[in-house]
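To start, the structure itself, in C-alpha cells.
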Amino acid sequence: DALQAVRREIARLPHLKEVVLGGLGEPLMHPQISEMIAFLKQRQIWLTLTTNGGVLEPLLDDLRAAGADKIAISFETGDIGHSNEHCVFELAKIIQQKKEQRGVEKPLLALFMVATTDNIGNLRRVAERLRHSGIREVILSNLLPANDAQKESLSSIRARKPKKSRRFATNYFKTFY
C-alpha cells in the first residue's frame with residue numbers, strides 16, 4: 001500500500017527536510033492522503049502539496065490543521081486540463097482570507113506552471129496579478145512531450161531568442177517573489 005511505501009522510503013532518509021506530494025494525478029484524491037500528511041509532519045518534514053485545485057477548497061481547514069506547509073496549484077493560462085487563471089486567483093483569494101481570519105501564515109501558496117510557447121507571453125500579465133494574490137512563489141517547469149504538438153510547442157521555446165517581455169517576466173519573478 002502507498003502509505004507503507006512512503007513510510008519505508010522516508011525511514012531510509014533520516015535527514016530528509018522536505019517532501020513534495022504531487023506528480024501526475026491529483027494527490028488530494030488519494031484515499032490515504034491524510035495519513036501520509038500526518039506521518040510526514042510527525043517527522044517534522046516540510047510538506048508541499050501540488051494540486052490542480054479542483055478539490056482543494058473544502059479540504060483547506062483539514063490541510064492547515066494537518067500541517068501542510070505549502071500548496072502549489074497547477075496553473076495554466078490556456079486550456080490543458082488544469083484550473084484556469086480566473087479560478088486559481090479566486091481560490092488564492094479564498095485561501096488568503098481564511099488565513100487572515102485565523103491569523104496564520106500557512107499554508108504558503110505557489111503556482112506551478114508549465115512553460116510552453118502558448119503561455120510564455122502571458123508571464124508579464126500573470127506577474128502583475130500575483131502582486132495582490134498572496135501567492136509568493138512561481139515554479140516554472142517544462143513538460144515531457146506526450147505528442148508531436150507538445151514536442152513542437154516545447155522545442156520552439158528553446159530555439160527562439162528571448163523576447164523582452166519574457167526577460168522582464170523572468171527577472172520580475174526572481175526579484176519580486
Side-chain angles (χ1 to χ4, degrees), residues 1-76 80-83 87-88 91-92 94-96 98-100 102-116 119 123 126-127 130 133-147 150-151 154-155 157-158 169-177:
D1 105 316
L3 180 58
Q4 292 306 320
V6 167
R7 286 180 174 157
R8 272 193 313 275
E9 293 303 315
I10 299 298
R12 294 180 189 173
L13 304 165
H15 302 292
L16 185 67
K17 302 286 185 217
E18 181 175 0
V19 167
V20 178
L21 293 178
L24 297 176
E26 175 55 54
L28 296 177
M29 297 296 291
H30 193 281
Q32 295 177 306
I33 190 68
S34 296
E35 292 89 347
M36 286 183 201
I37 293 171
F39 169 74
L40 294 168
K41 295 315 296 179
Q42 286 170 353
R43 301 204 42 138
Q44 299 179 341
I45 295 172
W46 178 275
L47 174 62
T48 299
L49 290 163
T50 62
T51 175
N52 65 20
V55 297
L56 181 58
E57 189 177 349
L59 300 174
L60 279 173
D61 290 331
D62 292 339
L63 292 173
R64 186 193 58 76
D69 297 294
K70 182 175 11 176
I71 297 173
I73 304 170
S74 297
F75 174 78
E76 178 55 47
I80 65 165
H82 294 233
S83 298
C87 293
V88 168
L91 182 58
I94 291 167
I95 293 170
Q96 278 306 110
K98 286 188 175 197
K99 287 170 33 176
E100 288 171 10
R102 289 164 179 77
V104 298
E105 293 183 20
K106 291 183 183 177
L108 304 175
L109 293 177
L111 286 184
F112 183 87
M113 184 174 174
V114 175
T116 68
N119 67 18
L123 290 180
V126 170
L130 288 169
S133 69
I135 297 168
R136 294 291 176 250
E137 180 179 357
V138 175
I139 303 162
L140 290 175
S141 177
N142 63 351
L143 177 71
L144 295 177
N147 57 45
Q150 288 178 348
K151 184 176 182 181
L154 297 169
S155 65
I157 287 176
R158 291 189 302 270
T170 303
N171 290 336
Y172 184 84
F173 287 132
K174 286 180 184 174
T175 58
F176 188 73
Y177 293 100

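With contacts defined as side-chain heavy-atom distances shorter than 4.5 Å, the pair Q96/L109 qualifies. Residues L21 and L40 form a side-chain contact, since some pair of their non-hydrogen atoms from C-beta on lies under 4.5 Å apart. At a threshold of 4.5 Å between non-hydrogen side-chain atoms, the residues T48 and E18 count as touching. Residues L111 and V126 form a side-chain contact, since some pair of their non-hydrogen atoms from C-beta on lies under 4.5 Å apart. D1 places a side-chain heavy atom less than 4.5 Å from the side chain of Q32.
Rounding to the nearest 0.5 angstrom, the gap separating the CG atom in L49 from the CG atom in L59 is 10.0 Å. To the nearest 0.5 angstrom, I37 atom CD1 is 7.0 Å from L28 atom CG. Between atom CD1 of residue I139 and atom CD1 of residue I73 there is a gap of 11.0 Å, rounded to the nearest 0.5 Å. In this structure, L63 CG and L56 CG are separated by 6.5 Å, a value rounded to the nearest 0.5 Å.
For the pair A68 and K106, the tightest heavy-atom approach, listed with the atom from each and the gap, is O-CB, 4.1 Å. In terms of heavy-atom proximity, K70 sits nearest to A110 at CD-CB, 4.0 Å. Closest approach of A92 and S133 over heavy atoms only: CB-O, 3.7 Å. Closest approach of K41 and W46 over heavy atoms only: NZ-CA, 4.1 Å. Nearest heavy-atom pair, N52 versus V55, reported as atom, atom and distance to 0.1 Å: OD1-N, 4.5 Å. Pairing each heavy atom of E26 with each of G53, the nearest pair is OE1-N, 4.2 Å.
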Candidate pair M113 and L123, rule side-chain contact (heavy atoms from CB on, under 4.5 Å), full reasoning: CA-CA 10 Å; M113 184 174 174; L123 290 180; 3.7 Å; yes
Worked check of side-chain contact (heavy atoms from CB on, under 4.5 Å) between I71 and L60: CA-CA 10 Å; I71 297 173; L60 279 173; 4.2 Å; yes
Audit row: R102, R64, side-chain contact (heavy atoms from CB on, under 4.5 Å) steps and yes/no: CA-CA 10 Å; R102 289 164 179 77; R64 186 193 58 76; 3.6 Å; yes
Verdict with reasoning, D61 to K98, per side-chain contact (heavy atoms from CB on, under 4.5 Å): CA-CA 9 Å; D61 290 331; K98 286 188 175 197; 4.1 Å; yes
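At most 12 non-hydrogen atoms from other residues, nucleotides or ligands lie less than 6.0 angstrom from CD of Q44.
Here the side chain of K99 pairs a donor or acceptor atom with the backbone of E105 at under 3.5 angstrom.
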